[in-house]
Structures are given as structure tokens and as C-alpha cells.
2 protein chains.
Amino acid sequence: MTKKWTPASAADGVEQVLKILEGKWKLVILFHLFGGQVKRFSELEKAIPAITQKMLIQQLRQMEADGIVTRTIYHQVPPKVEYRLTDWGQELCPALDALLKWAENQK
Amino acid sequence: MTKKWTPASAADGVEQVLKILEGKWKLVILFHLFGGQVKRFSELEKAIPAITQKMLIQQLRQMEADGIVTRTIYHQVPPKVEYRLTDWGQELCPALDALLKWAENQK
DNA sequence: CAGAATCCTGGAAGATACTG
DNA sequence: CAGTATCTTCCAGGATTCTG
């Protein structure tokens, strides 16, 4: 069972964890890595045209540090780096899916 | 039925809607209005000690403009203003609940 | 009580150029 | 290809004071 539901405890406990999702592009990136998708850096760049390289890396690195994405480096020329969700990251799916439904429901 | 699932459409469609949740305090406020809770301005202030008046109003007004909270004014002295979720706002519950679960699951 | 009106600052985000 | 390294801009957020 989850702990007893009180607004205060919910707000307090969640507040920190939600920081993981903070950042202009985090959720957008997440949607592109859903369902076990594996994407190269350049693929993410193309998929999100409005983002700059700096922002893309920055957000990816933070997500990596927070343990929701994995970075796989292939030492070859030219370089190849793949990103995918960690198990912990995958567990976000239900939540993001619910958000997606909500978003679609608006139109 | 929801539309066909593609990362691109998901990201695009959701991107705008998620702006509704942007802002340092939006989610915290939402958690305090969950389950049909009705709160006065001063109650929210007490419930979220770290927030400033300006921020509280600002975020509430944005949420009101976005159609997820309602503002009820009682013309009396002293003034009394109540906030509650709209139906549309209530539909966020499943999503936020999933986030809550995810957050709690971390520890 | 529930705001409005100012002023101000840190840091997130962007632009651009360079590199192993 | 997948990054670094700087420089710059911008505004969300905060502090403070005032008011119907």
C-alpha cells in the first residue's frame, strides 16, 4: 500500500521527484524514448528541430544523472551514442500516458 | 479512440498542453485542490509556506485562464475567495496520481 | 483578506563557433 | 557524429510595499 494520502505529504514528497521532469525539453525527449525506443543523438536532434545541441545534451545528461535514461557509447569512427530509458524511466510510462490522454482529450 | 500513436504527434500535441502545468508551483497547488477540495487564498498560503503571494496569485490566475481551476468570489467584508478544480482540472487526477505513485516508488 | 504595483536578480535557455 | 566552450539574452520567480 502507498502511504496515507494527505495533500501536504503528497506535495512534499513529490516536489523533489518532479524536479527530475523539470526543464523545457525533458518531457518532449521522454516521449521520443517511449516504449523502449532507442535513439541516437542525431536522431533526437532531427526529431526535435527546435532544440539546440547544447540543450539536448544538457537535458539528456541531467536525465542520465537522475537515472531515467541510459547512454551507450560505441567507440567507433564516426562516433555513435544511443539513448534509451532505464527501467526506472520506463515506469514513468503510465503517468505520461495519462498525461497524453488528458492532453488529447482537450481538443 | 485516441489518435494513432507516434512520438512526433505525441510530442507536438502534448507540448502545448503541458505548458499548462509549467510553473514552479502549479503541481503543488494542484495537489492541494485534489479530490474536489475547496480552498481559500489564505488556506493555500498556509498550506504552501514557501510560496509568495505574488506567485500564488500568478499561478492561480494562469490555471484559471487555462481552465483547470475556478475562482469564486464572495462579496463580503472581509473578502473571501475560493478556489477549486474545474471538471477539466479533475480529469488530471489519474495522471497526477500516476506521477505520485512513481514518485513514491523511488525511495 | 485578497490582492495589485514595482523593482530586481539568478539562472535557464539560446546563439555561435570550435573539436576529438 | 557527438559533443565542448563561451557569450548573451531573457524572464520566471522573489522581495517589498501599498490598497479596496
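Chain A is the first sequence line, chain B the second, and so forth, proteins listed ahead of strands; every chain is numbered from 1.
- If you measure from atom CD of B:E22 to atom C1' of D:dA12, you get 10 Å, rounded to the nearest angstrom.
- Comparing D:dG3, C:dC1, D:dG14 by their closest approach to the side chain of B:K24 singles out D:dG14.
- Take the nearest nucleotide of DNA chain D for A:P79 and for B:A50: the residue whose nucleotide is more 5' is A:P79.
- Closest to the side chain of A:F41, out of D:dG14, D:dG3, C:dG14, is D:dG3.
- Across all strands shown, A:Y83 has heavy atoms under 4.0 Å from sugar-phosphate atoms exclusively, and none from any base.
- The base of C:dG14 sits within donor-acceptor range of the side chain of A:K54, with an N or O pair under 3.5 Å.
- Here A:R40 reaches the OP1 or OP2 of D:dA2: one of its side-chain N or O atoms lies under 4.0 Å away.
- Closest to the side chain of A:I57, out of D:dG3, D:dG14, D:dC1, is D:dG3.
- Closest to the side chain of A:R71, out of D:dG3, C:dA2, D:dC1, is D:dG3.
- Of the two residues contacting DNA chain D, namely A:L60 and B:T52, the nearest-nucleotide position lying further toward the 5' end is that of A:L60.
- Shown here for A:K39 and A:H32, the closest heavy-atom pair between the two residues is NZ-O, 3.1 Å.
- The side chain of B:R61 approaches C:dG3 more closely than any other nucleotide in the set D:dA2, D:dG13, C:dG3.
- Considering only the side chain of A:P78, D:dC1 comes nearest among C:dG3, D:dC1, C:dC1.
- Between the C1' atom of D:dG20 and the NZ atom of B:K80 lies a distance of 19 Å, rounded to the nearest Å.
- Backbone-only engagement by A:Q59 is indicated by non-hydrogen atom pairs under 4.0 Å involving sugar-phosphate atoms exclusively.
- Nearest heavy-atom pair across B:E91 and A:N105 is OE1-ND2, 2.9 Å.
- To the nearest 0.5 angstrom, B:K24 atom NZ is 10.0 Å from B:Q59 atom CD.
- The heavy-atom pair separating B:G67 from B:T86 by the smallest distance is O-OG1, 2.7 Å.
- For B:Q53, counting side-chain heavy atoms from C-beta on, the closest listed nucleotide (C:dA4, D:dG20, C:dG20) is C:dA4.
- When every heavy atom of B:I57 is checked against every heavy atom of B:F41, the shortest pair comes out as CG1-CE1, 3.3 Å.
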